[in-house]
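Reading through the structure tokens given below for one structure.
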Amino acid sequence: MTATAITATGLPVELVKLRKAYGSTVAVDGIDLRIAAGSYCCLLGPSGCGKTSTLRMIAGHEDISDGDLLIGDSVMNGEPPARRGTAMMFQSYALFPHLDCTDNVAFSLKMKGVSKEERRRRASEMLELVDMGKYAARLPAQLSGGQQQRVALARALITRPGVLLLDEPLSALDPFLRVRMREELKRLHRELGITFIHVTHSQTEAMALADLAVVMNQGRIEQAGPPRELFNRPRTAFVARFIGGHNVIAGEGGQDAVRADRIRLGDGGADIRVEGTVRALEYHGSSVHLSLDVPGADDFAVILDEARFFDSPLSIGDRVLAGWSRRDTHPLVA
Amino acid sequence: MGGNHTRDTRRGLSFHLLAAFFGLFVLFLYGPIATILVLSFQGPDGGLTFPMNGVSTHWFRNLFEQQAVGDFGGSFRRSIALGLAVMVLTVVFSLLAGFAFRRRFAGSGALFYLAVASLIVPSILVSLGIGLLFNILGLEPTWYGSALGAHLTWTLPFGLLIVFAIFNRFNPAYEEAARDLGAGPWQTVRHVVLPILLPSLIGVGLFGFTLSYDEFARTLMTAGSFNTLPLEIYGMTTNVTTPVLYALGSLTTLFSFTVIGLFLLGLVGLRRRRLRRAATAG
């Protein structure tokens with residue numbers, strides 16, 4: 001994909017005490033967030049955490065119960081979706097089943113009253129951009145999931161949005177295609193220079209894509225920052241657990257996190273040690289993942305380098321000493 | 001019943017019982033039609049029952065010749081006109097009601113039950129009531145007035161139920177996508193909702209037409225001085241004693257099948273056109 005035909009500039013998005021309530025249920029509980037123009041933001045969290053409601057409020061498909069939404073310099077709370085400078089790619093793509101790819105992509109131009117030749121020309125240009133030129137005459141039902149997604153992207157991008165909103169865009173694809181489309185999204189983002197806001201429940205996806213990863217839980221933001229910061233300095237136990245690869249253990253005056261790949265087995269050179277029983281073993285190729293039963297922690301994971309593990313292999317039920325350096329522990333906010 | 005593990009080769013008792021039941025069902029459904037079809041080719045001297053006294057198309061010709069027995073042509077035209085009117089009104093108003101019921105509004109539950117409850121009122125009572133009311137108001141009952149209303153009491157609740165099912169399966173993301181792409185409310189309905197629902201709406205139309213076309217009880221007290229086809233046929237059974245009755249039955253059955261066939265062809269044509277347009281465009 002190249003992006004010569006799209007000339008748009010990314011817009012910044014700011015949420016100020018943004019709140020969404022359905023009756024007495026609060027979906028989004030007054031969140032504050034600044035998303036810089038042209039950045040790739042991933043809203044991450046388990047289902048029901050409020051990430052989709054947040055995206056839909058930004059898109060204008062959900063009323064804002066309280067607080068403000070700023071896109072560019074303007075408050076957009078009551079504006080219709082098409083006047084916000086955003087475009088949304090829906091989870092199931094929502095391609096119109098009765099229109100072929102060209103007409104799907106040209107839909108927004110048709111609504112604006114652009115002449116037929118003009119809109120067909122621009123639509124086919126856009127389809128070329130997403131490598132779907134030769135499928136221009138197909139109906140959505142005649143396309144694979146990945147192809148439908150490209151058409152949905154083209155349909156969203158033809159409106160020249162400053163912000164592209166993606167609702168779980170990769171969840172309907174098989175794992176192989178998911179990785180490929182992930183790369184293409186990233187490339188597209190780099191080439192277009194517009195702001196991407198991407199909702200996902202997969203921490204891998206967020207780590208791979210985001211400049212700004214926002215972990216949400218129960219309608220609030222647990223932590224927002226670059227993925228590397230989230231992984232190395234999770235603020236809360238929830239973030240540490242959700243991001244994965246961490247152990248949450250009782251420390252001095254609260255809970256601490258320690259990365260599972262910083263744990264060493266045996267006696268040598270550790271400041272802190274625990275004794276546990278091997279409960280499960282998984283071979284992952286370059287590494288081996290161990291689960292230990294350790295008093296005081298409900299789940300204790302150890303990630304070992306493959307070669308190191310097989311130097312002194314263990315089996316289920318073995319008693320082992322696990323230790324780590326004090327430098328690697330990181331205190332968590334309750 | 002011991003046959004699950006050899007499902008391919010030996011079938012259990014339940015299969016044979018259910019197959020027999022289905023066979024009986026088909027026999028009861030199409031047996032009478034087949035009998036009438038055969039008897040309508042009765043020879044000129046044949047009677048209302050078997051045996052066949054020769055084979056001819058005499059009674060079909062007879063049907064179009066003599067007007068003394070009944071006004072077959074006129075009642076047929078009235079039934080079609082009435083059916084078409086009922087079809088259009090049913091599609092339009094069930095669709096509009098379907099749109100309204102997608103949003104919960106105050107009293108929507110009560111209104112829905114009020115509309116659907118008319119389905120369980122015995123049809124002859126509806127007919128009688130409407131006939132009486134017209135009498136009391138001093139209005140002349142007509143097939144295009146009181147009978148039309150009577151038919152709608154039957155087709156509208158059914159149409160509403162079908163439209164509910166259609167909207168249940170309709171993904172609202174299509175409307176959101178349209179809105180996202182700058183379509184106004186009317187543009188969304190016109191360019192997205194209606195084209196997607198069109199095949200289902202054709203089904204609602206066909207349903208409304210057939211319900212009206214063969215409605216007897218609701219027309220009985222409301223048709224006024226001119227009969228619809230079912231009333232005419234009923235009238236003929238009491239005073240016609242020749243196989244011309246069967247010829248009429250065969251012909252109207254053929255017509256019903258033709259109408260259904262045309263609707264199905266229309267649906268297939270619609271799908272083809274979309275595919276072809278998709279294939280030739282670009």
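The analysis underlying the following values was restricted to heavy atoms, covering all of them including side chains, and did not include hydrogens, waters or symmetry mates. Note that the structure is a prediction, hence the values are computed from the model and not measured. Below, chains carry the letters A, B, ... as their sequence lines are ordered, and counting in each starts from 1.
B:Thr228 OG1 to B:Tyr144 OH: the interatomic distance, rounded to the nearest 0.5 Å, is 14.5 Å.
For the set B:Glu175, B:Glu176, B:Gln187, the count of heavy-atom pairs under 4.5 angstrom toward chain A peaks at B:Glu176. Listed options A:Ala82, A:Ala152, A:Gly60, A:Ser108 were ranked by heavy-atom pairs under 4.5 angstrom with chain B; first place goes to A:Ser108.
Contact of A:Ser124 with chain B is not made at all, since no heavy-atom distance falls under 4.5 Å. Residue B:Asn171 touches chain A through its side chain alone, counting heavy-atom pairs closer than 4.5 Å. Heavy atoms of A:Leu95 lying under 4.5 Å from chain B belong exclusively to its backbone. Proximity to chain B (any heavy atom under 4.5 Å) is shown, for A:Arg84, by neither the backbone nor the side chain.
Between B:Trp154 and B:Phe158, the ring-plane angle classifies as perpendicular under the 30° and 60° cut-offs.
Closest approach of A:Val28 to A:Ser53, counting heavy atoms only: CG2-CB, 3.7 Å.
Side chain of A:Gln147 to main chain of A:Ser144: a donor-acceptor pair is present (N/O by atom type, distance under 3.5 Å, no hydrogens or angles).
Cation-pi geometry between A:Arg150 and A:Tyr135 is not satisfied (NZ or CZ under 6.0 Å from the ring centre, within 45° of the ring normal).
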